Amino acid sequence: MAPPTIEDTTSLVEALAAQLRGDLLIRGDDATKEKFDAQRSRSWNKDLSIRTEPIAFAMVSGVKDVVTAVKFCATHDIPVTVRGKGAHSPWGMAQDSLCIDLSSMDNVRVDPQKKLAYIAAGALGGDVDHETSLYNLITPTGTVSHTGYGGLALGGGMSHASRWLGAAVDNFVELELVQSTGEVIRVNAESDPELFWALRGNGFNFGVVTEIVVQCHDMPNNGMVRGAPIAFPDVKADVTMLDWLKHISSPDRKPDESVQFGCIPTPDGNTASALVPVLIGGTEESRKEYCDNLATFGDGAVARMDTELPYVALQAALDDAFPHQLGYYDKGSFLDFDPKDEDAMKKIVSLTQQAWDDRPEWSLGKEGGAFPFFILCLDVGEGQLQKADPSSTSFSARTGRVWYVLIASWDGKDEEEFETKKAGCQRWVRKWAKQMEQFKIVGGYSNDYVDFRPDSNSEELKFVYPGDSWKRLEALKAKHDPTGMFKATKPPTTDEATKVASMSLATGTVTAEVGQ
């Protein structure tokens, strides 16, 4: 079907505007152009804002508006995308689709007796942290507080607390879903175990999730943790990272302690390697002693910012490092290695060092560079992520020790410079992600990193849902979205699913990406 013209769209969608309590911002409507453009540019990734122009934004006020918009789109064969307040997702907007914007649906209600949080799907991770902290409770919400909770969690949901609490989907209790027919259903392990399985890892594919009910957990020490970077010079990044890999391979660590490693920009415009401890349990003295030991890695730290702080503050500490409206391109994968194989660990270290040295000239830390690049390694092994039943969720990344992510950013004074730098960032990320493939594990993390649009590269998706997962997801897609209304989150075809299901599960996982 040819994309609707501006004239066709305006006359068609005007009928929907009268049925909504929230605003409908229509492409080509002079009366709402300023608001439409503001919503288009609200995406975290500027690249998505530039290359994508929806038919309209339905700024829904609640579930009734979502139902109305879905029914309208079903009647008129208009594809639908969904986004919340965070607007990080690469499929939150799509060309010639209607974007259902849930940003006003950001309420979080906590039941402290049942230790449950009722999270409206438009809320930020920071909104969830804020409300649960009132009762000294915690649930996994990511690592940057301006990330939308719904988009993060429905794909899996990694966090600083994943060693202790698993993925966000491991804490799901129930979801409210608006189906392609407009019917509103509650989905849990008893009401529909197969759909509940699918929504826990592929939750953006079967309708509009409007509420997520999650299990919360008691937070020790009144929510105080020890965290923030311990910095090491770039020239010592290799020995620091090797010490870190050995440290996180120890089987004796407690699940409520994790240590992230990163090659990161610094506030003074330089770069450093850093360890970022996240110590939730224990005493203040034991946490300080733990960090004192970390500071001896790599021949010694050059700066220590680790301190006692509220967990909510730690969750927001990286917010300014990932501002909205830069171009972003990422690839992430779960890595594993034999902790007895020091050569393997040295290989990971060597590749990381080479990648960091190979950054483009506009990277912060290069002469005249201004844009932050990151290599972030999240410590996720030997904990709850691995203990969870792998058959309980469509999220499948259960065996890795490290979630390894390359992140590049850019901007440009004009379209030519923007596109040139974009191409350079993509080359850098793809090149070094390819080099890390020898350490990848089975199963992937869809979340903000897998592009399910029809033009996506299925070869890169083939291990995200291993075994018969693709077949199960496709069957559910046929049942719950038979007309393909949610085209921007299209699952693989039967042929692709059959091909992948027949592959050996010992060969690896997808390298996922964002911002394509």
Side-chain angles (χ1 to χ4, degrees), residues 2-70 72-73 76 78-107 120-124 126-127 146-148 150-151 208 210 319-320 322-328 409-419 422 453 488 515:
T5 66
I6 289 178
E7 292 78 11
D8 291 342
T9 299
T10 300
S11 60
L12 176 64
V13 180
E14 280 176 352
L16 174 61
Q19 302 174 50
L20 297 176
R21 173 173 285 187
D23 290 338
L24 186 70
L25 311 177
I26 304 171
R27 181 174 69 191
D29 183 355
D30 291 340
T32 61
K33 183 180 187 308
E34 185 175 343
K35 290 183 178 180
F36 179 93
D37 290 344
Q39 287 302 321
R40 186 180 173 194
S41 63
R42 193 172 68 79
S43 291
W44 174 66
N45 193 340
K46 184 176 181 178
D47 183 44
L48 181 64
S49 299
I50 289 173
R51 60 183 168 77
T52 305
E53 188 176 39
I55 290 171
F57 293 96
M59 310 300 294
V60 296
S61 65
V63 177
K64 175 67 182 297
D65 272 1
V66 174
V67 170
T68 301
V70 166
F72 183 89
C73 290
H76 298 286
I78 298 173
V80 169
T81 63
V82 184
R83 71 176 185 183
K85 197 160 65 173
H88 280 230
S89 171
W91 57 80
M93 295 192 300
Q95 186 66 29
D96 302 319
S97 68
L98 184 132
C99 174
I100 296 179
D101 191 297
L102 306 176
S103 56
S104 69
M105 297 173 62
D106 63 351
N107 182 63
L124 299 177
D127 296 330
H146 59 63
T147 304
V208 182
T210 51
D319 287 6
D320 291 343
F322 297 97
H324 283 67
Q325 283 295 288
L326 287 180
Y328 288 99
S409 70
W410 74 95
D411 206 343
K413 63 180 181 295
D414 54 33
E415 181 180 356
E416 181 179 4
E417 182 181 348
F418 187 89
E419 292 299 321
K422 172 183 174 179
R453 289 172 303 197

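In what follows, every heavy atom counts, from backbone to side chain, and hydrogens, waters and symmetry copies are set aside. All of these numbers come straight from a predicted model, not from anything done at the bench.
Note that CG of Asp96 is 11.5 Å distant from CG of Leu98, once rounded to the nearest 0.5 Å. Here the CD-CG distance, from Glu419 to Asp47, works out to 6.5 Å after rounding to the nearest 0.5 Å.
Not a single side chain to side chain donor-acceptor pair (under 3.5 Å) links Thr32 to another residue, sequence neighbours left out. Listed by chain and residue number, Pro323, Tyr328, Phe371, Pro372, Ser409, Asp411 satisfy the side chain to side chain contact (heavy atoms under 4.5 Å, CB included) test with Leu326 (two or more places apart in sequence, or in another chain). Considering only residues two or more places apart in sequence or on other chains, Asp320 meets the side chain to side chain contact (heavy atoms under 4.5 Å, CB included) condition with none of them. Under the rule for a side chain to side chain contact (heavy atoms under 4.5 Å, CB included), the partners of Leu124 that lie at least two apart in sequence or sit in another chain are Lys85, Asp127. Qualifying side chain to side chain donor-acceptor pair (under 3.5 Å) partners for Thr210, counting only residues two or more places apart in sequence or in other chains: Glu176. In terms of the side chain to side chain donor-acceptor pair (under 3.5 Å) criterion, residue partners of Ser61 (sequence neighbours excluded) are, by chain and number, Asp65. For Ser49, the side chain to side chain donor-acceptor pair (under 3.5 Å) criterion is met by Gln325, not counting sequence neighbours. Every residue meeting the side chain to side chain contact (heavy atoms under 4.5 Å, CB included) condition with Asp37, not counting sequence neighbours, appears here in chain and number order: Lys33.
When side chains are defined from C-beta on, Arg27 does not count as touching Pro54, because their heavy atoms never get closer than 4.5 Å. Side-chain contact between Arg40 and Phe57: present, with at least one pair of heavy atoms (C-beta onward) separated by less than 4.5 Å. Counting heavy atoms from C-beta on, the side chains of Val70 and Ile100 come closer than 4.5 Å. Considering only heavy atoms from C-beta on, His88 stays 4.5 Å or farther from Phe322 through its side chain. At a threshold of 4.5 Å between non-hydrogen side-chain atoms, the residues Val13 and Asp29 do not count as touching. A heavy-atom distance below 4.5 Å is not found between the side chains of Arg83 and Ser89. Taking 4.5 Å as the limit, some side-chain heavy atom of Gln39 sits within range of a side-chain heavy atom of Met59. Here the side chains of Asp101 and Arg42 are in contact, with some heavy-atom distance below 4.5 Å.
For the pairing with Val60, the side-chain contact (heavy atoms from CB on, under 4.5 Å) check across Val208, Leu102, Val67 returns one residue only, Leu102. For the pairing with Lys413, the side chain to side chain donor-acceptor pair (under 3.5 Å) check across Glu415, Glu416, Glu417 returns one residue only, Glu417.
Between the side chain of Gln95 and the main chain of Glu53, a donor-acceptor pair closer than 3.5 Å is present.
The shortest heavy-atom contact between Ile55 and Phe36 is O-CE1, 4.1 Å. Taking both residues in full, the closest heavy atoms of Leu24 and Ala17 are given as CD2-N, 3.7 Å, listed atom of the first, atom of the second, then distance. The two residues Ala58 and Leu20 make their nearest non-hydrogen contact at CB-CD1, 4.2 Å.
Pairs passing the side-chain hydrogen bond (donor to acceptor under 3.5 Å, both in side chains) check and including a residue from residues 16-25, sequence neighbours excluded, do not occur.
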